Amino acid sequence: MTVIVSAAACSTNAPNGTDGRSPQNAKIAFLMPDIASTRYELYDAPLFKAKVKDLCGGCEVLYQNAGGDAAKQQQQADSALAQGADVIVIDPVDSAAAASTVRTAQGRGVPVIAYDRPIPAVKADYYVSFDNEKIGSMIGTSLVEHLRATSAEGGLLQVNGSPTDAAAGLIKKGIHSAVDSSGFDLLAEYDTPAWEPGKAQSWVSGQISKFPGKIAGVVAANDGTGGGSIAAFKAAGARVPPVTGNDAELAAAQRIVKGDQYNTISKPIKTVAEAAATAAYAFAEGKKPRGDTTLFGTPSELFTPTVVTQENIAEVLVGDGKPLRTTEVCTATYAAACAEVGLT
């Protein structure tokens with residue numbers, strides 16, 4: 001997917017940032033939602049900062065993580081505005097609550113880029129993410145096809161993401177598009193508060209007791225909830241059925257190698273982080289990125305990621321030039337399993 005944020009693809013509003021400061025000295029706020037998913041601290045933030053520095057050596061990134069607290073994220077946004085942020089890039093803890101951040105910032109002439117998760121209630125100035133509905137469809141379809149190929153019997157559990165996250169709602173919709181017509185009964189589903197793996201584990205534990213021996217697979221919306229689901233089966237002393245994931249976290253890659261988790265979604269976070277940084281700097285220059293589609297009335301860039309299983313983990317996710325290094329994944333505990341799937 002083409003990144004349409006160059007000067008040729010933008011309309012010019014003003015030569016300088018929103019406060020008259022030169023765009024070469026712009027302040028760009030990068031507000032991430034939580035630490036329940038390790039990706040934000042390990043990948044999104046450093047990659048975003050690196051790209052901004054590459055584009056603009058004098059620019060400053062005002063980075064904050066809300067730790068899953070929507071009120072705290074609002075305070076962080078207010079703080080960024082008080083510090084003179086020229087652009088706000090926000091991955092909302094609560095998509096509905098973030099609408100007030102958008103209104104406040106835009107009221108001060110500060111453009112807002114929704115990152116990873118959309119803000120449906122208001123029109124942000126730009127949205128950069130993966131196609132979340134497609135992600136749900138991809139992980140669900142991958143699991144269903146595997147269950148059919150292995151002649152699995154039983155029904156499915158669906159472990160969704162946070163009910164306050166609009167991206168989770170899109171993933172949920174995509175999962176249903178794959179599961180509802182699959183021929184496998186949907187035994188139960190759950191919206192996981194704040195994406196917390198422990199809450200997913202607790203819920204799945206209850207379903208194992210309710211449907212003993214009847215769970216053919218679990219469609220989990222991300223690696224955290226997938227990991228929690230797997231932990232529930234292990235704690236119950238039950239066979240772990242195929243479980244999905246999303247985000248390609250290190251622990252998930254190790255679970256896939258070992259055979260505990262069936263799939264994940266490899267998101268080239270570098271692509272999205274750099275696209276957001278490029279768009280943010282374009283706004284700081286007084287330009288308006290057009291995007292290549294529209295979602296919730298907002299110009300958007302939506303990238304399509306890749307499903308990862310044991311069959312393609314060496315090709316897509318782990319190794320030289322891949323998102324994860326072999327030495328990270330294939331520690332002593334996983335060395336034998338890595339060799340079996342071609343990771344050496």
Side-chain angles (χ1 to χ4, degrees), residues 32-48 65-68 91 93 115-117 129-130 132 134-136 138-140 142-143 159-162 165 167-168 171 175 192 194-201 204 218-234 240 242-273 303-319 321-331 333-334 337-338 341 343:
M32 295 296 98
D34 59 62
I35 56 174
S37 178
T38 60
R39 53 169 283 198
Y40 300 113
E41 298 292 307
L42 294 178
Y43 303 109
D44 297 78
L47 289 166
F48 182 87
N65 189 305
D91 190 337
V93 173
Y115 180 86
D116 194 38
R117 303 172 181 176
S129 184
F130 295 95
N132 287 295
K134 181 70 172 178
I135 285 172
M138 290 168 72
I139 60 175
S142 172
L143 177 67
V159 186
N160 304 310
S162 172
D165 176 357
I171 293 171
I175 291 173
T192 309
W195 292 92
E196 291 187 18
K199 291 182 178 178
Q201 179 177 347
V204 172
V218 179
V219 192
N222 77 341
D223 290 333
T225 55
S229 301
I230 291 166
F233 283 95
K234 291 192 171 185
V240 180
V243 177
T244 72
N246 163 34
D247 283 339
E249 294 182 351
L250 173 59
Q254 292 174 326
R255 290 193 295 266
I256 289 172
V257 166
K258 192 177 178 182
D260 287 336
Q261 183 168 322
Y262 177 63
N263 71 19
T264 189
I265 289 286
S266 176
K267 299 175 176 178
I269 293 174
K270 186 173 188 288
T271 300
V272 175
F303 299 89
T304 301
T306 305
V307 176
V308 177
T309 65
Q310 280 191 353
E311 293 182 0
N312 67 346
I313 192 168
E315 175 186 351
V316 174
L317 186 59
V318 183
K322 307 294 194 316
L324 297 174
R325 297 191 301 272
T326 304
T327 52
E328 290 180 297
V329 176
C330 300
T331 59
T333 303
Y334 300 93
C338 279
V341 299
L343 292 174

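Sequential numbering from 1 along the given sequence is applied to the chain's residues. Bear in mind the structure is a predicted one, so any value in this text is a computation, not a measurement.
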Grab the two heavy atoms, one from [X] and one from [Y], that are nearest each other, plus how far apart they are.
X: Asn65; Y: Glu41; value: ND2-OE2, 3.0 Å
X: Ile139; Y: Ala220; value: CD1-O, 3.5 Å
X: Trp195; Y: Ala221; value: CZ3-CB, 3.7 Å
X: Ile256; Y: Gln310; value: O-NE2, 2.9 Å
X: Gly245; Y: Gln261; value: CA-NE2, 3.6 Å
X: Ala248; Y: Leu317; value: CB-CD1, 3.6 Å

In the structure I gave you, are the side-chain heavy atoms of [X] and [Y] within less than 4.5 Å of one another anywhere?
X: Val218; Y: Tyr262; result: no
X: Asp260; Y: Lys234; result: yes
X: Val243; Y: Arg255; result: no
X: Lys267; Y: Asn246; result: yes
X: Ile269; Y: Pro323; result: no
X: Tyr334; Y: Leu343; result: no
X: Ser142; Y: Thr244; result: no

Exercise. Examine distances only and state if a side-chain atom of Glu328 and a backbone atom of Arg325 form a donor-acceptor pair shorter than 3.5 Å.
Key: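 A pair under 3.5 Å: yes.
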Quiz item: Judged by atom type as modelled, is there a donor-acceptor pair below 3.5 Å linking the side chain of Thr192 to the main-chain atoms of Asn160?
Solution: yes
Quiz item: For the atom pair CG (Asp247) and OG1 (Thr225), what is the distance rounded to the nearest 0.5 Å?
Solution: 9.0 Å
Quiz item: Rounded to the nearest 0.5 Å, how far does CZ of Phe130 lie from OG1 of Thr271?
Solution: 6.5 Å
Quiz item: Going through the checks in order, is the side chain to side chain donor-acceptor pair (under 3.5 Å) test met by Asn222 and Glu249?
Solution: CA-CA 9 Å; Asn222 77 341; Glu249 294 182 351; 5.5 Å; no
Quiz item: Between Arg39 and Asp116, does at least one N-O distance fall below 4.0 Å, as a salt bridge requires?
Solution: yes
